[in-house]
Undergrad: 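The structure under discussion is supplied below as structure tokens; questions concerning it will follow.
Hydrogens, waters and symmetry mates are skipped; everything else that's a heavy atom, side chains included, is used. Both ligands and their constituent atoms are indexed starting at 1 by order of listing. Here the structure is a predicted model, which is why all the values come from computation and not from measurement.
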Amino acid sequence: MGFFSKDIKSLDDLFVHTLRDIYYAEKQIRDALPDMIEKATNPMLKQGFQKHLEETKGHIARVEEVFRMHGVSAKEVDCPAIDGILEEAHEVAGEVDDKQVLDAALIAAAQAVEHYEMTRYGTLVEWAKQLGRADCASVLKQNLDEEKATDRKLTELAESKVNLAAAE
Ligand SMILES: [Fe+2]
Ligand SMILES: [Fe+2]
């Protein structure tokens, strides 16, 4: 669905397009997390990334469920935004030598990812409601809530441990 081909004519089209965008993004995140798990030093951070990898697989399954519920095919559309966020995370991580500083960099990168997901799911939930699909909204809301919880846990870990260790 190109930007200039005007394939998006209605809010419903836009909803489906955005669902395909987050579908692509979630798969990219699933593929990027193993590397982040490997690079993390703090055991709580490592474990947190591991848990979120499992949650991310669940997010993909829920998005597929919404495609089914809405009667459209589960397709991906390129999402240059998540590609950029993940590419930058990869570059920065490659430039950090100190393991504690690397943990701080990984949290910062992960929070950029979570915030991207939160903005997409926040929008999708509202559009689903507007389209009379409260059923789809409630499935998408479950993903939104898990992204928010992950973001909060990352903040806690950064503030209580990782940033202190990185500053030493
Ligand atoms: Fe997710
Ligand atoms: Fe996430």
Undergrad: Ignoring water, what protein N, O or S atoms are under 2.8 Å from the Fe ion (ligand 1)?
TA: Glu26 OE1, Glu26 OE2, His59 ND1, Glu117 OE2, Glu147 OE2
Undergrad: Would you kindly say whether His90 and Glu87 are connected by a side-chain donor-acceptor distance under 3.5 Å?
TA: no
Undergrad: Strictly by modelled atom types, are His17 and Asp7 linked by a side-chain donor-acceptor pair under 3.5 Å?
TA: no
Undergrad: Between the side chains of Tyr116 and Arg120, does any donor sit under 3.5 Å from an acceptor?
TA: yes
Undergrad: Taking only residues two or more places apart in sequence, or in another chain, which ones meet His115 in a ring-ring contact (aromatic ring centres under 6.0 Å, His included)?
TA: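 By the ring-ring contact (aromatic ring centres under 6.0 Å, His included) rule, His115 matches no residue at all.
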Undergrad: Within the side chain of Glu147, is there an N or O that forms a donor-acceptor pair under 3.5 Å with the backbone of Glu114?
TA: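 Not at all, since once roles are kept as given, no pair shorter than 3.5 Å links the two residues.
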Undergrad: In terms of side-chain geometry, is the basic nitrogen of Arg62 or Glu146 positioned less than 4.0 Å from the acidic oxygen of its partner?
TA: yes
